[in-house]
Student: 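Provided herewith is a single structure, encoded as structure tokens, for subsequent inquiry.
Quick note: numbers below take in every heavy atom, side chains included, and nothing from hydrogens, waters or symmetry partners.
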Amino acid sequence: MKKQYMETYEQLVNIADQMHHYISVCERLIDQMLQDVYLDGGEANAELRLLIHEAAQMQACLLKNYQHLRLIKTILARHIDNNKMEV
């Protein structure tokens with residue numbers, strides 16, 4: 001059972017790394033779009049405003065799920081550590 005917990009933990013670590021990458025991608029995309037708006041003198045068409053809004057929503061969702069994933073990872077790590085002490 002301990003091996004299964006360790007494998008699950010490793011999977012969670014990999015997923016967290018991927019999510020962190022996606023969060024960074026969203027951040028760079030939002031920054032680039034906002035920079036484009038600024039360079040255009042603050043005039044953003046409706047499509048660009050919608051893209052910025054949707055990218056920000058996606059990033060917020062990813063951040064929320066990333067935080068939940070980190071919590072699950074922490075709880076599982078403590079469980080694994082506690083089981084090592086009992087063995």
Student: Please tabulate, for side-chain N and O atoms in residues 61-69, each donor-acceptor pair with protein atoms closer than 3.5 Å (sequence neighbours left out).
Tutor:
from : atom 1 : to  : atom 2 : distance (Å)
N65  : ND2    : C61 : O      : 3.4

Student: Starting at NZ of K2, measure out to NE2 of H79 and round the result to the nearest 0.5 Å.
Tutor: 11.0 Å
Student: How is the hydrophobic cluster of L39 composed, in terms of its other members, when Ile, Leu, Val, Met, Phe, Trp and Tyr link through side-chain heavy atoms under 4.5 Å apart, directly or indirectly?
Tutor: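 Taking Ile, Leu, Val, Met, Phe, Trp and Tyr as members, L39 shares its hydrophobic cluster with Y38.
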Student: Please enumerate all residues that pass side chain to side chain contact (heavy atoms under 4.5 Å, CB included) together with L76, with sequence neighbours excluded.
Tutor: Y5, T8, Y9, L12, I80
Student: State the CG-CD distance between L50 and Q57, to the nearest 0.5 angstrom.
Tutor: 10.5 Å
Student: Just verifying a value: how many Å separate R49 CZ and I52 CD1, rounded to the nearest 0.5 Å?
Tutor: 9.0 Å
Student: How would you list all residue pairs meeting side chain to side chain donor-acceptor pair (under 3.5 Å) that involve residues 15-34, not counting sequence neighbours?
Tutor: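 Qualifying pairs, neighbours excluded: Q32-D36.
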Student: With rounding to the nearest 0.5 Å, note down the distance linking NE2 in H53 to CG in L48.
Tutor: 13.5 Å
Student: Taking all heavy atoms of I23 and all of Q59, pick out the closest pair and write down the distance.
Tutor: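 Smallest heavy-atom distance, with atoms named: O-NE2, 3.5 Å.
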Student: Can you list the residues that meet the side chain to side chain contact (heavy atoms under 4.5 Å, CB included) rule with L51, with sequence neighbours excluded?
Tutor: M33
Student: In the hydrophobic cluster built from side-chain contacts under 4.5 Å, what are the other members alongside L71?
Tutor: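 Its cluster mates, by chain and number, are I75.
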